[in-house]
Amino acid sequence: MEITLDGAMAALRKVMDPELHRDLVSLGMVKELTVQGGVASLEVELTTPACPLKDTIAKDVEGALRAAGATRVELRFGARVRAAPGVAQSSLTPGVKNIVLVGAGKGGVGKSTVTINLALSLARAGAKVGVLDADIYGPSLPLLTGVTERPRTVEGNRLDPIEAHGLKLMSIGFLVDPDQAMIWRGPMVTGALLQLLRDVNWGELDYLLLDLPPGTGDVPLTLAQNVKAAGVVLVSTPQDMALADVIRAKLMFDKVGIPVLGIVENMSSFICPHCRGETPIFDHGGARIAAERMGIRFLGEIPLDLAVRQGGDAGVPVVEALPDGPQAKAFIAMAGQVAGAISVQVMKAPRLPVIGSQPRA
Ligand SMILES: Nc1ncnc2c1ncn2[C@@H]1O[C@H](COP(=O)(O)OP(=O)(O)OP(=O)(O)O)[C@@H](O)[C@H]1O
Ligand SMILES: [Mg+2]
Ligand SMILES: [Zn+2]
């Protein structure tokens, strides 16, 4: 029996997105389906270009269409990052589909390192990504990215973000002497942060990542009151001490109504640069257990690796410096998990959101 258009549609209605647990047709992911002489051709529009489940979806689509009589399946992938309904339109950052916070209670666990490498991983997959350094007292982006240029002021007091490494970047460290920001008081800090969100020409972005300062101070609260974040990625090292802080952070984000996307275990094991042997200096696996206990997603582990630290200090993060290395692979896998968790969060919203171009019928 040769495949028909109706038959193909019916078959695709049975293919589930493994992450969103709904079928591809009702999710609006099937585009340009044609059937001719036994050949089924279609585009599947993913909810993120960083989708880690492409291969599973391809296999399931091919299987379903062949079972419905297709002799050949021509499958193309596209991607359109969605925003929760109303988020972008009503926000301080109108072109930004998803604001993603990266934080934890504890200092020095690698929040900034995870943020920049997460940003680069998402951009490599094809997403439009910005990074805002929300650490006003201790900005990290200048060192991490090697940017020394000052942002341009345009249209009065609006600023253009710095475009570098394929990302749009903004940090108080690009604008003022770090010692100057150190003496600011709380309200000036939160004011500066909101200005960096509102008065920067972020343009169209799929993801704007916010690198949070350590601690559970004013910044998360200010953000909760002023932006509708897609969620927060918690970063921890495997030690109990760091994990205790992350549990506190999770409780705080719950209280202020920011969804926790999951937890990353950074400095998970030490990878020896000489023999690539693995040593769990700070122990290993604690974050996965904590995630299970807290009922949140485990987003992956990043090894403690010399190249990660060197990339950070040299202003060329490891995902860019060694894109095929094992360190980059760990970040890219984590980015897929984060992007998936964001999609799940967005799709939980009541309506199928449409920002920018309308989906083709
Ligand atoms: N996986 C890793 N392997 C090796 N070094 C790392 C790793 N992650 C972070 N580092 C290094 O640890 C130091 C602290 O990292 P980072 O600045 O990202 O932490 P942070 O949590 O943002 O700190 P703060 O709380 O001060 O903002 C940096 O020198 C960084 O290069
Ligand atoms: Mg930091
Ligand atoms: Zn060794």
Side-chain angles (χ1 to χ4, degrees), residues 100-121 131-147 169-174 178 181-182 189 193 196 209-220 223 232-239 241-246 248-249 263-287 299-322 325-335:
V100 183
L101 319 185
V102 181
K106 203 167 166 62
V109 293
K111 298 177 292 294
S112 303
T113 304
V114 166
T115 307
I116 192 71
N117 284 291
L118 173 58
L120 286 166
S121 302
V131 180
L132 171 58
D133 191 342
D135 195 343
I136 305 290
Y137 284 138
S140 296
L141 264 192
L143 179 69
L144 279 175
T145 59
V147 168
L169 307 170
M170 185 51 74
S171 169
I172 195 80
F174 299 157
M182 280 302 284
V189 168
L193 177 59
L196 294 182
L209 308 188
L210 266 58
D211 176 16
L212 299 187
T216 46
D218 288 348
V219 165
L223 291 171
V232 56
V233 172
L234 300 178
V235 182
S236 182
T237 56
Q239 300 121 294
M241 276 300 287
L243 283 167
D245 276 30
V246 117
R248 258 195 293 283
I263 177 169
V264 174
E265 183 168 289
N266 188 32
M267 310 190 187
S268 192
S269 310
F270 171 66
I271 308 289
C272 173
H274 306 290
C275 67
R276 308 294 314 160
E278 207 174 314
T279 315
I281 292 185
F282 295 134
D283 201 356
H284 175 255
L299 298 165
E301 33 193 75
I302 308 297
L304 177 64
D305 190 300
L306 182 62
V308 174
R309 207 270 303 150
Q310 284 172 332
D313 285 353
V316 187
V318 73
V319 166
E320 185 177 346
L322 301 166
Q327 309 87 352
K329 288 210 172 84
F331 280 114
I332 290 165
M334 183 260 294

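It should be emphasised that the depicted structure is a prediction, and the values quoted were computed from it without experimental measurement. The figures here come from the full heavy-atom set of this structure, side chains too, leaving out hydrogens, waters and symmetry mates. First listed ligand is number 1; within each ligand, the first listed atom is number 1.
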- Task: Ignoring angles and geometry beyond distance, decide whether Asp313 reaches within less than 3.5 Å of ligand 1 through its nitrogen or oxygen atoms.
- Result: no
- Message: Any nitrogen or oxygen of Val109, side chain or backbone, less than 3.5 Å from one on ligand 1?
- Response: yes
- Item | N or O contact, Thr113 vs ligand 1, cut-off under 3.5 Å | yes
- Item | Student check: side-chain heavy atoms of Val232 and Val102 closer than 4.5 Å | no
- Task: For Asp135, counting its heavy atoms only, list the atoms of ligand 1 lying under 4.0 Å from any of them.
- Result: 27 (O)
- Item | Polar side-chain atom of Asp133 near backbone of Leu141 as donor-acceptor pair, under 3.5 Å | yes
- Item | Asn266 versus Thr237, side-chain donor and acceptor atoms under 3.5 Å | no
- Message: I'd like to know if the side chain of Asp135 reaches the main chain of Leu212, judged simply by a donor and an acceptor atom lying under 3.5 Å from each other, with no hydrogens or angles considered.
- Response: no
- Do the side chains of Ser171 and Pro142 get nearer than 4.5 Å, heavy atoms only? yes
- Is a side-chain N or O of Glu278 found less than 3.5 angstrom from the main chain of Ile271, in a donor-acceptor match? no
- Taking both backbone and side-chain atoms of Gly110, is any N or O found less than 3.5 Å from an N or O belonging to ligand 1? yes
- Message: Using modelled atom types and a 3.5 Å cut-off, is there a donor and acceptor pairing between side-chain atoms of Gln327 and backbone atoms of Pro303?
- Response: no
- Nearest-neighbour protein heavy atom for atom 4 (C) of ligand 1, which is reported as residue plus atom name and distance: Asp305 O, 3.1 Å
- Compare all side-chain heavy atoms of Ile116 with those of Thr145 and state whether any distance is below 4.5 angstrom. yes
- Item | Any side-chain heavy-atom pair of Tyr137 and Ile172 under 4.5 Å | no
- Query: Would you say Asp211 has any N or O atom under 3.5 Å from an N or O of ligand 1, going by distance alone?
  - Reply: no
- Note on the structure: Under 4.0 Å from one or more heavy atoms of Pro303, ligand 1 contributes atoms 1 (N), 2 (C), 3 (N)
- So, is Ser112 placed with an N/O/S atom under 2.8 Å from the Mg ion (ligand 2), counting both backbone and side chain? yes
- Task: Among all protein heavy atoms, pick out the one at the shortest distance from atom 8 (N) of ligand 1; state its residue, atom name and that distance to 0.1 Å.
- Result: Asn266 ND2, 2.9 Å
- Looking only at heavy atoms, the pair that brings Phe331 and Val318 closest together is CE1-CG1, 3.7 Å
- Message: Tell me the protein heavy atom at minimum distance from atom 17 (O) of ligand 1, and give that distance in Å.
- Response: Ser112 CB, 4.1 Å
- Query: Any N/O/S atom of Cys275 sitting less than 2.8 Å from the Zn ion (ligand 3), backbone or side chain?
  - Reply: yes
- Could you list the atoms of ligand 1 found under 4.0 angstrom from a heavy atom of Gly107? 25 (O)
- Task: Verify the contact flag for atom 13 (C) of ligand 1, where contact means a protein heavy atom under 4.0 Å away.
- Result: no
- For ligand 1, the portion of Leu304 having any non-hydrogen atom under 4.0 Å away: both
- Task: Around atom 7 (C) of ligand 1, find the nearest protein heavy atom and jot down its residue, atom name and distance.
- Result: Val308 CG1, 3.6 Å
- Query: Backbone N or O of Leu234 within a donor-acceptor pair of the Lys111 side chain at under 3.5 Å?
  - Reply: no
- Task: Report the member of Lys111, Met267, Arg309 with the shortest heavy-atom distance to atom 25 (O) of ligand 1.
- Result: Lys111
- Task: Report the nearest protein non-hydrogen atom to atom 23 (O) of ligand 1: residue, atom name, distance rounded to 0.1 Å.
- Result: Gly108 N, 3.1 Å
